[in-house]
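In what follows, a single structure is set out as C-alpha cells and then discussed.
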Amino acid sequence: MGSPSDETDRAVNEHQHEVTISKAFYMQTTEVTQAQWKAVMGTEPWKGQSSVKEGANYAATYVSWDDAGAYCEKLSEAEDKTYRLPTEAEWEYACRAGTTTRWSFGNDEKALGDYAWYYKNADNAGEKYAHQVGLKKPNAFGMYDMHGNVWEWCHDYYGEDYYQQSPEKDPTGPTSGSSRVLRGGSWSSSTRHSRSANRDRNDAVSRYYFFGFRLVRELD
C-alpha cells in the first residue's frame with residue numbers, strides 16, 4: 001500500500017508498506033448504480049440535486065458513508081449474505097490489480113482518459129456529473145472506474161499517519177476518528193487524485209455529487 005518516495009504527485013500520507021489480506025473476498029466490478037440503489041433502498045437521493053445525470057446505469061451519488069452502510073445492511077438482510085464497504089487495504093488491492101505504478105495501467109498520464117472519467121474528459125468537457133459505469137477500460141482484475149467517476153467510500157476511519165503504524169495483516173483502519181476514507185478520485189478530480197495510492201476523507205454524514213461506493217461481499 002502507499003507510494004514510493006519518488007512517485008509524481010505523492011502525498012505525505014502515502015507511506016509505502018506491505019500488507020497481507022488473509023481472506024478472499026468478492027468486490028463489485030462497478031460502482032453502485034442508481035438502479036441498484038433504488039432497487040434496494042427505494043429512494044433517489046440524487047433527485048433534484050445539481051451535477052447529476054439520471055439513468056439506471058449512472059453511478060449513484062449524494063450518498064454518505066452512513067447511507068452506504070444502510071444499503072449494505074439492507075442488501076445483506078435481503079440476500080442472507082454479508083455485504084459491506086471495502087477496507088482501504090481491500091480497495092487498494094483491487095485498484096492496483098497487481099501493479100505498483102501510479103495507476104493500474106502504468107505511469108503514462110496520457111492513458112488515463114481510457115480508464116477514467118476525470119476533470120479533462122468530464123468536468124472540463126462540460127459533462128459535470130457522474131457517468132454511466134463500465135464505459136471505460138477495466139483494470140487487470142476486471143474492475144471498472146477504480147480511477148475517477150465517483151469518490152468511493154471505504155470502511156475505515158481516516159488516519160493521516162495510519163500507514164506508519166498499520167498492522168501488516170488485514171488492516172481495518174484506526175479504531176476511531178472524525179472522518180471516513182474516500183478513494184479513487186472523481187469526474188472533477190485532477191490526475192493526482194485518481195492515482196492508486198491517493199487517500200482522501202470526509203465526514204460520514206457528508207453527501208456530494210461525486211460521492212459513491214462499491215460493495216464487498218464476504219465469502220460464505
For Arg180 and His155, indicate whether the former's side chain and the latter's backbone hold a donor-acceptor pair under 3.5 Å. yes
Where the side chain of Gln165 meets the backbone of Pro174, is there a donor-acceptor pair that is under 3.5 Å apart? no
Would you check, one step at a time, whether the test side-chain contact (heavy atoms from CB on, under 4.5 Å) holds for Gln28 with Tyr83? CA-CA 10 Å; Gln28 189 172 358; Tyr83 291 95; over 6 Å; no
Aromatic plane relationship, Phe210 with Tyr208 - under 30° parallel, 30 to 60° tilted, over 60° perpendicular: tilted
Parallel under 30°, tilted from 30 to 60°, perpendicular over 60°: which one fits the rings of Phe105 and His147? perpendicular
Could you check whether any side-chain heavy atom of [X] comes within less than 4.5 Å of a side-chain heavy atom of [Y], counting everything from C-beta outward?
| X | Y | result |
| --- | --- | --- |
| Trp46 | Tyr129 | no |
| Asp123 | Trp187 | yes |
| Ser104 | Met146 | no |
| Asn139 | Thr99 | no |
| Arg183 | Cys95 | no |
| Glu160 | Val12 | yes |

Is there a salt bridge (Lys or Arg N to Asp or Glu O under 4.0 Å) between Arg207 and Asp67? Walk through the geometry before answering. CA-CA 9 Å; Arg207 298 182 180 97; Asp67 297 334; 2.6 Å; yes
Can you tell me if CD on Glu77 sees more than 12 non-hydrogen neighbours from other groups inside 6.0 Å? no
Please check if the number of heavy atoms outside Gln164 that lie under 6.0 Å from its CD is greater than 12. yes
Short N-O contact, [X] and [Y], less than 4.0 angstrom:
| X | Y | answer |
| --- | --- | --- |
| Glu54 | Lys38 | no |
| Glu7 | Arg195 | yes |
| Glu14 | Arg199 | no |
| Asp145 | Lys136 | no |

Ring centers of Tyr157, Tyr162 separated by less than 6.0 Å: no
Step-by-step side-chain contact (heavy atoms from CB on, under 4.5 Å) determination, Arg217 to Glu79: CA-CA 11 Å; Arg217 200 193 98 189; Glu79 296 194 359; 5.5 Å; no
Residue that, paired with Trp153, satisfies ring pair (Phe, Tyr, Trp, His ring centres under 6.0 Å) out of Tyr158, Phe211, Phe213: Phe211
Determine all donor-acceptor pairs shorter than 3.5 Å in which one atom belongs to a side chain in residues 107-116; sequence neighbours excluded.
unit_1	atom_1	unit_2	atom_2	d
Asn107	OD1	Arg102	N	2.9
Asp108	OD1	Lys110	N	3.0

Rounding to 0.5 Å, atoms CD (Glu88) and SG (Cys154) come to a distance of 6.0 Å
Please lay out, stage by stage, how Ser194 and Thr191 fare under the test side-chain hydrogen bond (donor to acceptor under 3.5 Å, both in side chains). CA-CA 5 Å; Ser194 64; Thr191 53; 6.0 Å; no
